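Right, one structure below, let's go through it.
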Protein chains: 2
Amino acid sequence: MPYTVKSRKAPTVQTSAPRSPLSRARVIAEALTLADQAGLDGLSMRALAERLGVVPMALYKHVSNKEELLDTLVDAVIAEVAPGTVDGGWKAQAREQLLAARRTMLRHPWAWRAIETREAPSPAALDHMEVMIATLRTGGLSAPLVHHVMHALGSRLWGFSQEVFATGPQPTDPGIAAQAMEMMAARWPRVLESAMSTLHQQGSAVGPGCDDETEYLFAIDLILDGAERLHDAGWSPAARSDGAPLVTLQ
Amino acid sequence: MPYTVKSRKAPTVQTSAPRSPLSRARVIAEALTLADQAGLDGLSMRALAERLGVVPMALYKHVSNKEELLDTLVDAVIAEVAPGTVDGGWKAQAREQLLAARRTMLRHPWAWRAIETREAPSPAALDHMEVMIATLRTGGLSAPLVHHVMHALGSRLWGFSQEVFATGPQPTDPGIAAQAMEMMAARWPRVLESAMSTLHQQGSAVGPGCDDETEYLFAIDLILDGAERLHDAGWSPAARSDGAPLVTLQ
DNA sequence: ACCTGAACACCGTTCAAGT
DNA sequence: ACCTGAACACCGTTCAAGT
């Protein structure tokens, strides 16, 4: 028995399989499920070691440090993205690829924070970009236009739109909600109007009737549609002399 | 002398003014300059306390905890955004407001990471949104359209576009760069082509000739232009029954 | 009443000592 | 040769003791 559990807490139930020797693959796999269960903050080297029934230092045999572990996890998550093939031209295909990334990210809600802090694209990330760029080029868009559109897509490439603010729990007491609404109506009337503007007709409750997914799709479509329009109009990269808009055609 | 410096390190030169009593304003101000100098990771309660010549616990008199301190710092930074008034209609005005946010964010490079982790918009954030929404509504855009466009803008509202990957230092050795390029050309040819596509003509070096600012401007313009086009075509929010695109007009 | 030293419960990582 | 206990240099925060 190469490893012994050394923990002050009562030893928990053994993890499924009989104790196999620690390996890089086992470290990565356990880190992934730990992150899925406990979030990125719950993923500490010490917690991970304990789950593997190992002293923290043992991890450093298989992973050079925590940053490298995160690099590997991000690569693994992006590699999960599995877009289908759809009819409807390059825009529909690009849309499917973006939605496939979103499906993956919904399975690993912690991943966006890890992705954001990476310093270089992993192989799986480059693969994903390669497919996306190829799709846009297939539509006939020029390389510079594609380059800009990729930047405009930003984090949506990886399946998440950088939410303006993490939407916390809303007040359930209608009295409090009404009071908050009055305050907002007085000081930020436009914000309130905008937030309320997509309420579903049949909805009785307060709160936006517009889910994250609708916003995600709208942003994708706005950008892809804008790209198509520029391409159709024969857009090419302009020398940036003044502060003139970059996409408006004169 | 109400506070005494208690530090194992040799006491450093006194900060400018003679020791004034600790106050919330002084804590906030010092936290801001510490973040500007040392980044978000350098901003710890302990480091902040030492700069103020105070024991860490003294901070908790003026700030309830670190999260509340970060809330306050984010509010202060967003409050710095000072857009000018420009001619050229609502799109030009919106553009100026976005660029003003960007100017502020370039002064406080740590801020984006703090903003991203906030759970609710601060008063200054709501003020900024209010002004932005009002500008878009002035252009005649409907409330639901504005709502979607705000989401499409995402983090650009706060002056940063979620960069795909933090661009680390590039290899300076031309041999290494060439070798890396060959590898990329073999495995990710489209990515390489896209990255190279905006190279300036006169540039002899490798690396994109396209700065962050150009990408930022392009994304803004793509989104604002798309919004104007939808508005001109009489766009209104569609019932989302199937998976059809949300912005394409039939 | 006000302030603070020591402590608690954590981090990631190093390194010498043990088997 | 392999593994690990103890330690280092940090965190944010609590709390009882000191003035």
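Every value quoted in this text rests on a predicted model; they were computed, and no experiment measured them. Each chain gets a letter, A, B and so on, in the order its sequence line appears, and its residues count up from 1.
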Quiz item: B:Trp110 and side-chain contact (heavy atoms from CB on, under 4.5 Å): which partner among B:Ile115, B:Leu34, B:Leu40?
Solution: B:Leu40
For [X] and [N], what is the distance between atoms [atom1] and [atom2] respectively, to the nearest whole Å?
X       : N      : atom1 : atom2 : value
A:Leu48 : C:dC10 : CG    : C1'   : 16 Å
B:Lys66 : C:dC10 : NZ    : C1'   : 14 Å
B:Asn65 : D:dC11 : CG    : P     : 17 Å
A:Met45 : C:dC10 : CE    : P     : 18 Å
B:Lys61 : C:dA1  : NZ    : C1'   : 9 Å
A:Leu70 : C:dC11 : CG    : C1'   : 14 Å
B:Glu50 : C:dT4  : CD    : C1'   : 16 Å
B:Leu59 : C:dC2  : CG    : P     : 18 Å

Applying side chain to side chain donor-acceptor pair (under 3.5 Å), can you list everything that pairs with [X], at least two apart in sequence or on another chain?
X        : answer
B:Ser64  : B:Glu68
B:Arg113 : B:Asp41
B:Asn65  : none
B:Glu130 : none

Does [X] have any salt bridge (Lys or Arg N to Asp or Glu O under 4.0 Å) partners at least two apart in sequence or in another chain, and if so, which?
X        : result
B:Glu80  : B:Arg107
A:Arg102 : none
A:Arg46  : none
A:Asp75  : none

Quiz item: How many angstroms lie between atom NE2 of B:His151 and atom OG1 of A:Thr214, to the nearest 0.5 angstrom?
Solution: 9.5 Å
Quiz prompt | P gap between D:dA9 and C:dA9, integer Å | solution = 23 Å
Quiz item: Say you pick atom P in D:dA7 and the same atom in C:dA7; how far apart are they, in whole Å?
Solution: 15 Å
Quiz item: Of the candidate nucleotides C:dA7, D:dA7, D:dT4, which contains the atom at the shortest distance from the side chain of B:Arg46?
Solution: C:dA7
Quiz prompt | Which nucleotide in D:dG5, C:dC11, D:dG12 has an atom nearest any side-chain atom of B:Ser44 | solution = D:dG12
Quiz item: Can you name the residues that form a side chain to side chain contact (heavy atoms under 4.5 Å, CB included) with B:Asp71, not counting sequence neighbours?
Solution: B:Arg118
Nucleotides 15-19 of chain D: which of its N/O atoms have a protein N/O under 3.5 Å away?
none

Self-check item: Strand-adjacent residues in residues 32-43 of chain A, judged by heavy atoms under 4.0 Å from DNA chain C
Solution: none
Self-check item: Below 4.0 Å: OP1/OP2 of C:dT13 and any side-chain N or O of A:Tyr60
Solution: yes
Self-check item: Secondary structure of DNA chain D in dot-bracket form (Watson-Crick or G-U wobble, distances below 3.5 Å, | marking inter-strand pairs)
Solution: ||.|||||...|||||.||
Self-check item: B:Pro83 backbone acceptor or donor facing B:Gln97 side chain under 3.5 Å
Solution: no
